[in-house]
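Everything on this sheet refers to the single structure shown next.
From a predicted model like this one, the values you see are computed outputs, not experimental measurements. Naming convention: chains lettered A, B, ... in sequence-line order (proteins, then strands); numbering from 1 in each chain. Worth knowing before you read on, the calculation uses all heavy atoms, side chains too, and leaves out hydrogens, waters and symmetry mates.
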Amino acid sequence: MQAPGDQLTSLQLGITKRYGNKTVLDNLQLEIRKGEFVTFLGPSGCGKSTALSIVAGLIPASEGEIRLNGERVDNLPPEKRGFGMVFQNYALFPHMTVYDNVAFGLTLTSISKAEIDKRVQDMLRLVQLLGFEARYPGQLSGGQQQRVAIARALVLRPRLMLFDEPLSNLDAKLRVEMRAEIKQIHANLGLTSIYVTHDQAEALSMSDRIVVLRNGVLMQSGSPQEIHDRPKNSFVADFMGFRNFFPVRITALSNGAATATSGNLTLRARAGDGFAVGSDAVMAIRPDDIQLGPGAGGAVTVPGRVEIVEYLGREQEAAVRTADDTRIWLRTAAHMQVGDQVELGFPVDKVVLLPAE
Amino acid sequence: MRAVANDERSEFDALALFCLLPSLLYVLAMFVYPFLYGVYLSLQVQKIDGFSLGNYVAFFSDAYQYGTIWITFSLAIPTTIIVLVLSLCLAYGMRRGFFMERTITTILIMPISLGVILLSEGILGFYGSQGWLNQMLIASGLISEPFILTHNYIGVMLALFMQQFPFCFLMLLGYISGIDPSLESSARMLGATPSVVFRRVMLPLIAPGLAIAFALVFVMSFAVFPSAVMLGQPAGATRTISIAAYQKAFEQYDMPAASAIAVVMGLCQLAALVLIILFRRRLSPAATMGVGKR
């Protein structure tokens with residue numbers, strides 16, 4: 001157990017993991033500061049859980065190091081790191097009551113019985129499970145079990161909390177509630193957290209910083225807003241809900257905007273550095289950023305015919321086929337029918353320019 | 001609604017009973033009847049009419065006979081404990097897979113497929129006073145007199161161990177590897193060293209499996225017969241209760257007395273099972289709770 005007051009000020013990762021000749025984590029470099037909520041986001045098999053397990057000490061890295069406040073911790077066993085972890089399947093001890101589960105870590109320290117009791121009660125109050133002390137995990141719902149798991153880790157006042165897809169076994173409604181609760185606990189207790197998920201909505205709503213991984217490679221790291229609005233590559237864009245991708249050739253660059261063509265289609269987008277006139281690139285836009293009707297304020301307008309309409313409740317998502325046979329998805333509250341002729345507007349500030357794959 | 005539901009259930013029950021009939025008949029004919037007949041037989045003394053406890057009285061008033069209970073327990077209990085402890089260690093070590101796991105497992109299971117007689121002959125050939133082991137040790141100069149490992153208590157223990165260990169190991173390996181590995185990880189994250197994880201998390205979860213394994217190994221060891229004859233001293237140190245029953249039945253042709261001994265033997269096994277079940281309840285009242293949820 002770490003000495004009291006042994007707080008995390010920074011955690012530096014530089015880790016590689018290989019299984020045989022398969023690299024599942026390719027030199028992941030990252031620094032996490034006190035109080036941050038960092039999310040590892042990516043599809044299954046992207047290495048995010050592996051990275052978390054390496055930080056936890058449950059599996060060894062093949063190469064590299066982990067430094068906590070400048071000191072190496074990668075050679076410490078998990079029980080010596082002072083980190084807390086919440087697992088996807090809760091991993092509660094089925095033979096212990098809720099109380100004993102939460103008290104487990106404390107009973108391994110020299111803390112007095114009275115103090116243990118107080119801290120367990122405080123923690124159960126925090127996760128709203130007072131009165132459930134004598135229950136066994138098998139008698140709790142999934143959400144309650146996950147709360148016990150969170151309490152069990154938090155009661156030790158860990159210097160770093162690790163969450164391994166903690167909400168993916170819960171139903172959609174509970175997931176939204178629990179993510180607000182976790183976020184609140186993180187803020188109220190001043191925790192530093194690493195959170196692993198494949199759910200972009202979860203990542204966006206909870207994180208201070210999102211680290212997007214793909215096949216063990218860091219694709220982009222930044223604030224939720226950056227990741228959401230300015231993805232750096234097609235993978236991140238695709239993961240963040242961009243559904244329309246156009247392979248283009250850049251024809252003009254001026255004032256931070258690029259003009260490019262894709263077949264007969266001409267598109268304009270904000271452009272960062274690293275793009276040159278004449279080079280190949282990809283332009284992308286979210287279905288809900290496409291405007292229906294004549295484009296306003298410099299938006300490029302494309303005519304097309306509605307091919308598929310999906311009803312989503314408040315909105316509809318529709319596939320529109322343009323004259324040069326490109327399919328474009330848009331989402332709108334306006335009513336559409338298959339066969340309608342529509343005009344699609346692409347606002348310049350909503351189209352992103354990405355490097356060609 | 002309720003009535004309808006009840007009707008449906010009773011209909012289903014009748015059908016289930018009907019489907020069970022063949023197996024019930026089988027159990028009745030092949031197990032319950034012979035068993036009850038044995039009990040009935042044990043209550044009749046040869047050449048005397050009517051029921052009597054004479055056979056039991058005779059058994060318990062002859063030290064040569066009732067001593068077999070102690071002999072059998074003193075063979076079965078240590079064997080069971082040794083088998084259990086070693087299989088637990090090995091299975092726990094192999095719970096997350098192991099180098100050459102399949103090969104090792106196959107080698108361990110081999111004795112099961114060979115049968116008791118072949119195994120006992122092998123033990124005689126290897127561990128006997130003229131066996132390979134003693135010849136090697138004597139040739140290498142480590143010992144001058146052979147170790148006496150057969151035709152005594154140790155010989156029977158060896159044979160029992162080799163018969164029971166594979167069963168027990170496989171059972172425990174299946175049981176332990178079925179326990180969610182994230183329980184171990186979470187205990188480590190909560191500050192538990194590997195030994196604390198074993199003691200406070202894994203052992204209580206393995207306990208029900210251990211209890212079942214103990215019961216099975218014990219019952220099988222208690223009934224030891226061929227190895228006690230082939231590798232022990234069937235007239236002395238390893239005259240187990242099954243040998244006593246055999247002698248009554250097929251050497252003295254006193255079937256009722258043999259039945260009485262068999263009933264005593266069954267009661268001993270039953271008593272041990274009851275103890276195990278009670279102990280298991282005490283050990284971890286909720287060990288099985290929630291395990292099914294993983």
Task: For B/Pro194 against A/Glu79, the heavy-atom pair lying closest together - done: CD-OE2, 3.6 Å
Task: Residue B/Phe198 excluded, over 12 heavy atoms near CZ under 6.0 Å - done: yes
- [ ] Hey, could you give me the CZ/CD distance between A/Phe93 and B/Glu184, rounded to the nearest 0.5 Å?
- [x] 10.0 Å
TODO: Side-chain contact test, heavy atoms from C-beta onward, threshold under 4.5 Å: evaluate it for B/Leu190 versus A/Met85 and give yes or no.
DONE: no
Task: Side-chain heavy atoms of B/Ser186 within contact of A/Tyr90, under 4.5 Å - done: no
Open item on the list: Checking A/Asn69 now: which residues fulfil side chain to side chain donor-acceptor pair (under 3.5 Å) with it, not counting sequence neighbours?
Closed with: A/Thr9
- [ ] Could you list which of residues 163-174 of chain A have a heavy atom closer than 4.5 Å to any heavy atom of chain B, in residue-number order?
- [x] none
- [ ] Below 4.5 Å from any heavy atom of chain B, which atoms of A/Phe87 appear? Answer side chain, backbone, both or neither.
- [x] side chain
TODO: Please flag which part of A/Leu162 lies under 4.5 Å from any non-hydrogen atom of chain B: side chain, backbone, both or neither.
DONE: side chain
- [ ] Indicate yes or no: at least one non-hydrogen side-chain atom of A/Phe104 is less than 4.5 angstrom from one of B/Val201.
- [x] yes
Task: Neighbour count >12 (heavy atoms, 6.0 Å) for atom CZ, B/Arg102 - done: no
Task: Exercise: identify the closest heavy-atom pair between A/Pro94 and B/Leu183 - done: CD-CD1, 3.8 Å
Open item on the list: Donor-acceptor check, side chain of A/His95 to backbone of B/Arg200, threshold 3.5 angstrom: yes or no?
Closed with: yes
Open item on the list: Is the shortest side-chain heavy-atom distance between B/Ser182 and A/Gln88 below 4.5 Å?
Closed with: no
